[in-house]
Amino acid sequence: MRSIEEYMALPYNFIISYVKDESGNYYYGKVLELDGCQSTGDTIDELYENLREAMEGYIETKLENGFEVPEPASAENYSGKFNVRLPKTLHQRLAIEAEREGVSLNQYVIYKLAQ
């Protein structure tokens, strides 16, 4: 089993968003592999520090309670392809929207998934 320091040194994936809402402007981030491990900050640097602190607490709690700590996902483990079955009506709608935008269906679906 790894130590907290060893887990903290692994290349976890952060997802960061800039948020403007009724509470103000700030950065929100989460650790992709660590479900529920998230934080906010007024700057990217502050967010990064807060995320690292949240990660440390998350990992410490998991280890103390005998739970497995997920390790970082590597892009090398994925081909970039997957098949999806969908209703004919949804396929039709997406194809029409893609054509309207002047892009391929694949490009349009990637755009929609990334939103």
Side-chain angles (χ1 to χ4, degrees):
M1 184 175 345
R2 295 178 191 261
S3 68
I4 294 173
E5 293 77 21
E6 289 171 317
Y7 279 110
M8 293 297 292
L10 295 176
Y12 284 96
N13 294 284
F14 294 174
I15 298 175
I16 297 172
S17 302
Y18 182 69
V19 179
K20 287 175 88 170
D21 63 17
E22 62 279 350
S23 64
N25 303 340
Y26 57 94
Y27 292 92
Y28 165 80
K30 64 182 179 179
V31 183
L32 182 61
E33 297 87 357
L34 307 179
D35 188 37
C37 188
Q38 58 193 354
S39 193
T40 61
D42 290 331
T43 66
I44 292 285
D45 289 337
E46 182 180 332
L47 172 61
Y48 181 75
E49 287 178 36
N50 293 344
L51 275 175
R52 299 283 297 169
E53 185 177 317
M55 283 176 64
E56 190 170 347
Y58 177 99
I59 293 166
E60 181 178 23
T61 301
K62 289 284 191 180
L63 293 176
E64 285 177 355
N65 291 290
F67 292 106
E68 183 179 329
V69 177
E71 295 205 6
S74 170
E76 294 174 7
N77 297 333
Y78 302 92
S79 68
K81 298 179 193 177
F82 69 97
N83 294 318
V84 177
R85 297 193 190 284
L86 56 141
K88 289 180 181 182
T89 55
L90 179 55
H91 186 178
Q92 176 188 24
R93 190 183 91 209
L94 290 169
I96 290 169
E97 290 174 5
E99 185 177 336
R100 191 176 306 138
E101 293 294 325
V103 298
S104 72
L105 180 56
N106 278 343
Q107 287 176 315
Y108 190 70
V109 170
I110 289 170
Y111 164 75
K112 295 295 272 186
L113 286 171
Q115 289 184 330

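Residue numbers count from 1 along this sequence.
Atoms CD and OG, from Glu5 and Ser3 in turn, are 4.5 Å apart once rounded to the nearest 0.5 Å. To the nearest 0.5 Å, atom OG1 of residue Thr40 and atom CD1 of residue Ile16 are 12.0 Å apart.
Sorted by first and then second residue, the salt bridge (Lys or Arg N to Asp or Glu O under 4.0 Å) pairs involving residues 40-67 (not counting sequence neighbours) form an empty list. Residue pairs meeting the ring-ring contact (aromatic ring centres under 6.0 Å, His included) criterion with at least one member in residues 60-82, sequence neighbours excluded, do not occur. Residue pairs meeting the side-chain hydrogen bond (donor to acceptor under 3.5 Å, both in side chains) criterion with at least one member in residues 88-99, sequence neighbours excluded, are Arg93-Glu97, Glu97-Tyr108.
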Exercise for review: Decide side chain to side chain donor-acceptor pair (under 3.5 Å) for Tyr111 and Gln115; before the verdict, give the C-alpha distance in whole Å, the side-chain angles of both, and the deciding distance to 0.1 Å.
Suggested key: CA-CA 7 Å; Tyr111 164 75; Gln115 289 184 330; 2.6 Å; yes

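The hydrophobic clustering, which links ILVMFWY residues whose side-chain heavy atoms are closer than 4.5 Å, places Leu90 and Ile96 apart. Leu10 and Ile4 fall within a single hydrophobic cluster, where Ile, Leu, Val, Met, Phe, Trp and Tyr are joined by side-chain heavy atoms under 4.5 Å apart, directly or via other members. Hydrophobic cluster membership differs between Ile44 and Val19, with clusters built from Ile, Leu, Val, Met, Phe, Trp and Tyr side chains linked at under 4.5 angstrom.
The backbone N or O of Glu76 sits less than 3.5 Å from a side-chain atom of Ser74, completing a donor-acceptor pair.
The two residues Pro72 and Pro11 have their closest heavy-atom pair at CB-O, 3.3 Å. What you find for Pro70 and Tyr58 is that their closest heavy atoms are CD-OH, 4.2 Å.
Judged as a ring-ring contact (aromatic ring centres under 6.0 Å, His included), and not counting sequence neighbours, the contacts of Tyr27 are Tyr18. In terms of the ring-ring contact (aromatic ring centres under 6.0 Å, His included) criterion, residue partners of Tyr48 (sequence neighbours excluded) are, by chain and number, Phe14.
When side chains are defined from C-beta on, Leu47 does not count as touching Tyr26, because their heavy atoms never get closer than 4.5 Å. For the pair Gln107 and Glu101, the minimum side-chain heavy-atom distance is 4.5 Å or more. By the 4.5 Å heavy-atom criterion applied to side chains, Leu86 and Leu94 are counted as neighbours.
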Output a table of donor-acceptor pairs, distance under 3.5 Å, between side-chain atoms of residues 30-39 and any protein atom two or more places apart or on a different chain; print 'none' if there are none.
{"residue": "Glu33", "atom": "OE1", "partner": "Asn13", "partner atom": "N", "Å": "3.1"}
{"residue": "Glu33", "atom": "OE2", "partner": "Asn13", "partner atom": "ND2", "Å": "2.4"}
{"residue": "Glu33", "atom": "OE2", "partner": "Ala73", "partner atom": "N", "Å": "2.9"}
{"residue": "Gln38", "atom": "OE1", "partner": "Tyr28", "partner atom": "OH", "Å": "2.5"}

